[in-house]
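To keep things clear, I will list the structure first and then write my remarks on it.
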Amino acid sequence: MSLIVQKYGGSSVADADRIKNVARRVIRTKEQGNQVVVVASAMGETTDELIQLARQVADEPDDRELDLLLSTGEVVSCTLLTMALRSMGQKAISLTGAQAGIRTDSTYSKARITGISPKRISRELEKGQIVIVTGFQGVNDELDITTLGRGGSDTTAVALAISLAADRCEIYTDVDGVYITDPRLVPQARKLEEIGYEEMLEMASVGTRVLHPRAVELGWVYGMPIMVASSFNDSPGTLIRGGVPMEIRNKVSGIAHDFNMAKVTVIGVPDKPGIASAIFEALARANISVDTIVQNASINRITDLTFTVAKSDLNKAMEVIKPVAESIGARNCTSDATLGKVSIVGAGMQTAPGYAARMFKTLAENEINIELIATSEIRITCIIDGEKIPQAVQALHRAFEGYI
Ligand code: ASP
Ligand code: MG
């Protein structure tokens, strides 16, 4: 008998009919002779609605209260799913994160799991129950309810699978799996049968949001295979795992894109120690995450510093940067919010030369100017005009077809 942890996202449990659909899928898994633990997210947009409600009664809702409030979204979906299962004649029980033994630190709204003692879950499984656990939440040492950050139910599922030594973790969502590139831009894009953890993380970091990166990271560290598939059909999904065979590793696994980019340039910066730290510390204090950073070669000990941020963070970043730029003696500060990025990802790039050249040539042939380039060992990212992203993605898909 295998033990399987299944997670169903918010859109999969958005209304009563969908909850019943999920119940039938869970029963099918159980009837194939498996033990099943289910993690569910809150129904549809519930979490967003609860946040809006909180903001209507308080400008800055208290963190602890907000976490307790948000945790109720998952309580609703999970109890309803359990009732549906029971009315279909199954033995099923719902447990909150706390009841399931998920302990966290006290960082409300983005708590980290410190440990899981799944004794209660195991006991219920032994009794033949299907166990439904509320996603996205745990309990701290004070027994206060904490939440794991937006999209945290994926993390709950993978963490539970690891602590229960499950055979696999299945994440069901509203897409069929991980595609080589966005099928909305390239309709003939192929779905990947499998992808390595590292490549999946790189894809997430550059705009492919199928699975929460924290969940992928956890799966990677503990070697837990994760299947991503749709809850609306039976097509096989994408398996995220380690040790992907050599032949698959040698190819481009993905072409990712992100429209949500802005560039900030601090012009005429004196080239001396401490300057980058002054700028990026100020941004970090304001909780703005910076993506690509480029410092030009200096001329007469004066240089330019360029970095990218999410478009939604641009105004705040400029507010933070302007006084810092002045205090370090920079000449000016400019921004550009019309950018986007395209990336190619593939573990094979580590050992095979030529990927970067082919990427740059493809963009050049399409008269697309590259503003900035950033790389990791298995990824090449180009920042380009946001409007040219669809064209770039399509051209790169054609150029790397044989490599995919
Ligand atoms: N309901 C939470 C959210 O919307 C957690 C999740 O969906 O994974 O962020
Ligand atoms: Mg959600």
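Counting starts at 1 for both ligands and their atoms, following the listed order.
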Problem set entry | Plane angle bin for F307 and F280 - parallel if under 30°, tilted between 30 and 60°, otherwise perpendicular | perpendicular
Exercise. Any idea which atoms of ligand 1 are less than 4.0 Å away from a heavy-atom of S41?
Worked result: 6 (C), 7 (O), 8 (O)
Problem set entry | R214/D154 salt bridge by N-O under 4.0 Å criterion | no
Exercise. So, D48 and R150, do they make that salt bridge, N to O below 4.0 Å?
Worked result: yes
For this session: Take every heavy atom of G151, measure it against each atom of ligand 1, and state whether any distance is under 4.0 Å.
Result: yes
Exercise. Is D174 paired with R18 through a side-chain N to carboxylate O contact shorter than 4.0 Å?
Worked result: no
Problem set entry | Polar atom proximity, K7 to ligand 1 (N or O, under 3.5 Å) | no
For this session: Run the numbers for me: atoms of ligand 1, each under 4.0 Å from some heavy atom of E74, listed by number.
Result: 1 (N), 2 (C), 5 (C)
For this session: Determine, for D62 against R64, whether the closest basic-nitrogen to carboxylate-oxygen distance falls under 4.0 angstrom.
Result: no
For this session: Would you please determine whether G152 falls within less than 4.0 Å of ligand 1 on a heavy-atom basis?
Result: yes
Exercise. So, does H212 sit close enough to ligand 1 that a heavy atom of it is under 4.0 Å from the ligand?
Worked result: no
Exercise. Any N or O of R150 that comes nearer than 3.5 Å to an N or O of ligand 1?
Worked result: yes
For this session: In plain terms, say whether K322 and E326 are close enough for a salt bridge, that is, a side-chain N and a carboxylate O under 4.0 Å apart.
Result: no
